[in-house]
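These values consider heavy atoms only, across backbone and side chains, with no hydrogens, waters or symmetry-generated copies.
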Amino acid sequence: MEKTTRAREKYWLHWSRYAKSVGIDPLLEHTDPLVRDIVLTAFAARVRTGHYGRGNEIRVSGVTEALSAISKTIELAGYKSPIYRSPNVYNLSIQRLVEGYRREDPPSVPQLAVPIIVPENMAQRAYQSTCPLLQAIADLAIIAFYYLLRVGEYTIAKTVVRNGRTIRTTRTVQFTVGDIGFHKNGKVVERRSPLTELLDCDQCTYKITNQKSGRMGQTISHETITDNAHGPVKATARRVHHILSNGGDESTIISAYMDINGTWQTVSSAQMRTGVRTSVKQLNLHKNGIDPDLVGVHSLRAGGAMALKLAGESDTTIQKYGRWSSTTFLDYIHNQIAHLSKSISTKMSTKFTFTNIANIEPPPHR
């Protein structure tokens with residue numbers, strides 16, 4: 001990815017200069033192992049202080065990113081990595097340094113999961129107004145919650161200019177109108193149908209073009225929710241109709257909207273975050289221990305995963321809906337949600353007889 005490439009190039013440049021300043025070859029090809037490890041750990045310590053950033057101490061992940069940049073660049077040059085003694089295992093001195101930094105770092109605080117009432121509250125308030133921005137933010141929040149979307153899958157991609165060309169910083173391709181399909185009684189409904197027909201659809205499907213993990217061509221689908229004005233199908237119907245009825249087409253990103261001045265705009269991740277935090281405050285969820293400052297755009301994806309878990313859905317279903325390729329989705333199942341521990345102590349108090357089945361023969365009498 002572009003972001004990874006930029007980080008590698010940045011740290012390799014700093015490493016090259018640092019290595020030359022102490023009189024060793026940046027590739028470390030003929031460097032004594034003791035000298036090599038001393039210089040590498042010294043460079044890692046300098047990275048830790050923020051010397052190559054804004055001057056503030058950085059977390060261990062930034063240090064390992066710098067070490068990875070050196071290793072990968074040397075490997076790309078056709079040499080063996082001088083940083084690892086075996087796959088994914090640092091040389092001992094580097095391993096101890098990194099482990100020490102990891103212990104010093106404060107624990108990371110994940111964004112808290114939010115319940116469905118948060119995006120629903122956003123939608124109810126937005127549609128009491130005529131503001132197209134608020135309505136777009138609200139519908140996107142509903143969609144992100146039910147379809148377990150990452151914010152980069154529906155807001156505009158970040159770009160950088162390299163060699164005179166504008167390049168995306170991520171390979172994730174945002175959902176467009178053309179990636180969305182509607183069905184009614186098993187039959188396809190045209191996207192350009194009147195809003196009343198789209199709202200009456202009983203199923204809505206998103207087709208994934210490309211995402212962060214590299215998965216392509218998958219689909220995620222939801223059915224309509226009876227007597228709910230702000231379910232996943234209706235929220236998507238409003239987004240698609242707004243875009244197409246204002247001159248957009250199948251290639252238009254779903255976070256696009258026509259503002260009151262008749263100008264096309266796109267919802268940003270910062271606007272999504274503000275919308276979610278505002279809703280949490282309006283609902284007084286701080287009384288439930290949900291600090292608005294610990295809530296963000298990932299809270300919608302985490303909230304959707306939590307909703308599935310609390311509804312009794314299997315881990316396989318959660319993993320499939322969130323397009324997780326491994327058990328990393330468990331990071332979204334937050335232990336601080338009280339429902340997860342409901343009745344656990346009662347179940348644990350059940351008196352079972354423990355039998356050691358490894359004892360296959362009674363001990364001899366004495």
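Ring planes of Tyr52 and Phe43: tilted class, angle from 30 to 60°.
Cluster annotation: Ile243 is not connected to Val233 through the hydrophobic network of ILVMFWY side chains, with a link wherever side-chain heavy atoms come within less than 4.5 Å. Using a 4.5 Å cut-off between side-chain heavy atoms of Ile, Leu, Val, Met, Phe, Trp and Tyr, with links allowed through other members, Ile38 and Leu97 fall into different hydrophobic clusters. Note: the hydrophobic cluster containing Ile225 also contains Ile180 (ILVMFWY, side chain heavy atoms under 4.5 Å, direct or indirect links). Residues Tyr84 and Val35 share a hydrophobic cluster, clusters being chains of Ile/Leu/Val/Met/Phe/Trp/Tyr side chains in contact below 4.5 Å. Trp264 and Val240 end up in the same hydrophobic cluster when Ile, Leu, Val, Met, Phe, Trp and Tyr side chains are linked at under 4.5 Å.
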Dump the intermediate steps for side-chain contact (heavy atoms from CB on, under 4.5 Å) on Arg191 and Leu244, then the final yes or no. CA-CA 8 Å; Arg191 300 186 195 96; Leu244 294 179; 3.9 Å; yes
Derivation of the salt bridge (Lys or Arg N to Asp or Glu O under 4.0 Å) call for Glu99 and Arg102: CA-CA 5 Å; Glu99 183 58 32; Arg102 185 169 285 114; 3.6 Å; yes
Under the criterion side-chain contact (heavy atoms from CB on, under 4.5 Å), I'd like the reasoning laid out for Val297 against Thr155: C-alpha separation, chi angles, the key distance, then a yes or no. CA-CA 11 Å; Val297 287; Thr155 59; over 6 Å; no
Criterion side-chain contact (heavy atoms from CB on, under 4.5 Å) on Val98 and Leu67, from CA distance to verdict: CA-CA 10 Å; Val98 169; Leu67 291 170; 4.0 Å; yes
Take Asp249 and Ser251 through the side chain to side chain donor-acceptor pair (under 3.5 Å) test and state the conclusion after the steps. CA-CA 5 Å; Asp249 57 30; Ser251 66; 2.6 Å; yes
When you look at Phe175 and Lys207, which way does the side-chain contact (heavy atoms from CB on, under 4.5 Å) test go after all the steps? CA-CA 8 Å; Phe175 284 109; Lys207 184 176 181 180; over 6 Å; no
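Of the possible polar contacts, none joining the Asn246 side chain to the Met258 backbone as a donor-acceptor pair under 3.5 Å is found. In terms of modelled atom types and a separation under 3.5 Å, the side chain of Arg239 and the main chain of Ala256 share a donor-acceptor contact. The backbone N or O of Leu34 lies less than 3.5 Å from a partner atom in the side chain of Asp32, making a donor-acceptor pair. Proximity of a side-chain donor or acceptor of His222 to a complementary backbone N or O of Tyr146 within less than 3.5 Å is detected. Side chain of Lys184 to backbone of Asp200: a donor-acceptor contact under 3.5 angstrom is found. Proximity of a side-chain donor or acceptor of Arg277 to a complementary backbone N or O of Pro292 within less than 3.5 Å is detected.
Between Cys204 atom SG and Ile143 atom CD1 the span is 7.5 Å, to the nearest 0.5 Å. To the nearest 0.5 angstrom, Asn121 atom CG is 11.0 Å from Ile116 atom CD1. In this structure, CD on Glu250 lies 10.5 Å from CG on Asp179, to the nearest 0.5 angstrom. From Ile156, atom CD1 reaches atom OG of Ser269 across 11.0 Å, with rounding to the nearest 0.5 Å. With rounding to the nearest 0.5 angstrom, the CG atom of Asp37 is 10.5 Å from the OG1 atom of Thr31. Rounding to the nearest 0.5 Å gives a distance of 4.0 Å between CZ of Arg301 and CZ of Arg150.
Across every non-hydrogen atom of Val22 and Val39, the tightest pair is CG2-CG1, 4.1 Å. Here the shortest heavy-atom pairing between Ser299 and Leu294 reads OG-O, 4.3 Å. Of all the heavy atoms in Trp15 and Ile24, the pair that sits closest is CH2-CD1, 4.3 Å. Contact between Pro115 and Phe145 at its shortest, heavy atoms only, is C-CE1, 4.0 Å. His242 and Pro132 get closest at one heavy-atom pair: CE1-CB, 4.3 Å. Closest approach of Gly152 to Gln174, counting heavy atoms only: O-NE2, 2.6 Å.
A heavy-atom distance below 4.5 Å is found between the side chains of Thr41 and Ile94. Proximity of Pro26 to Trp12: side-chain heavy atoms (C-beta onward) are separated by under 4.5 Å at one or more points. Contact of the Phe182 side chain with the Val188 side chain is not registered, since no non-hydrogen atoms from C-beta on lie closer than 4.5 Å. Side chains of Gln265 and Gln271 form no contact here, defined as non-hydrogen atoms less than 4.5 Å apart. Using a 4.5 Å heavy-atom cutoff, the side chains of Thr64 and Tyr90 are in contact. Annotation: side chain of Ile253 is not in contact with side chain of Tyr154 (no heavy-atom distance under 4.5 Å). Residues Gln203 and Ser221 are in side-chain contact: their nearest non-hydrogen atoms beyond the backbone lie under 4.5 Å apart. For the pair Leu283/Ile290, no side-chain contact is recorded, criterion being any heavy-atom separation below 4.5 Å from C-beta on.
When each of Glu120, Gln282, Gln135 is checked for a side-chain hydrogen bond (donor to acceptor under 3.5 Å, both in side chains) with Arg125, only Gln282 meets the rule.
Remark: Lys309 engages Asp315 in a salt bridge, criterion side-chain N to carboxylate O under 4.0 Å.
Taking the centre and axis of the six-membered ring of Tyr18, the NZ or CZ atom of Arg46 falls outside the cone set by 45° and 6.0 Å. Cation-pi geometry between Arg238 and Tyr127 is met: the NZ or CZ atom falls under 6.0 Å from the ring centre, inside 45° of the normal.
The closest side-chain donor-acceptor pair between Tyr147 and Thr236, if any, does not fall under 3.5 angstrom.
At most 12 heavy atoms of other shown residues, nucleotides or ligands fall within 6.0 angstrom of atom NZ in Lys72. Residue-environment remark: CD1 (Ile260) stays at or below the threshold of 12 foreign heavy atoms within 6.0 Å. Surrounding CD of Glu57 are more than 12 heavy atoms belonging to other residues, nucleotides or ligands, all under 6.0 Å away. Heavy-atom contacts from other residues, nucleotides or ligands closer than 6.0 Å to CZ of Arg96 number 12 or fewer.
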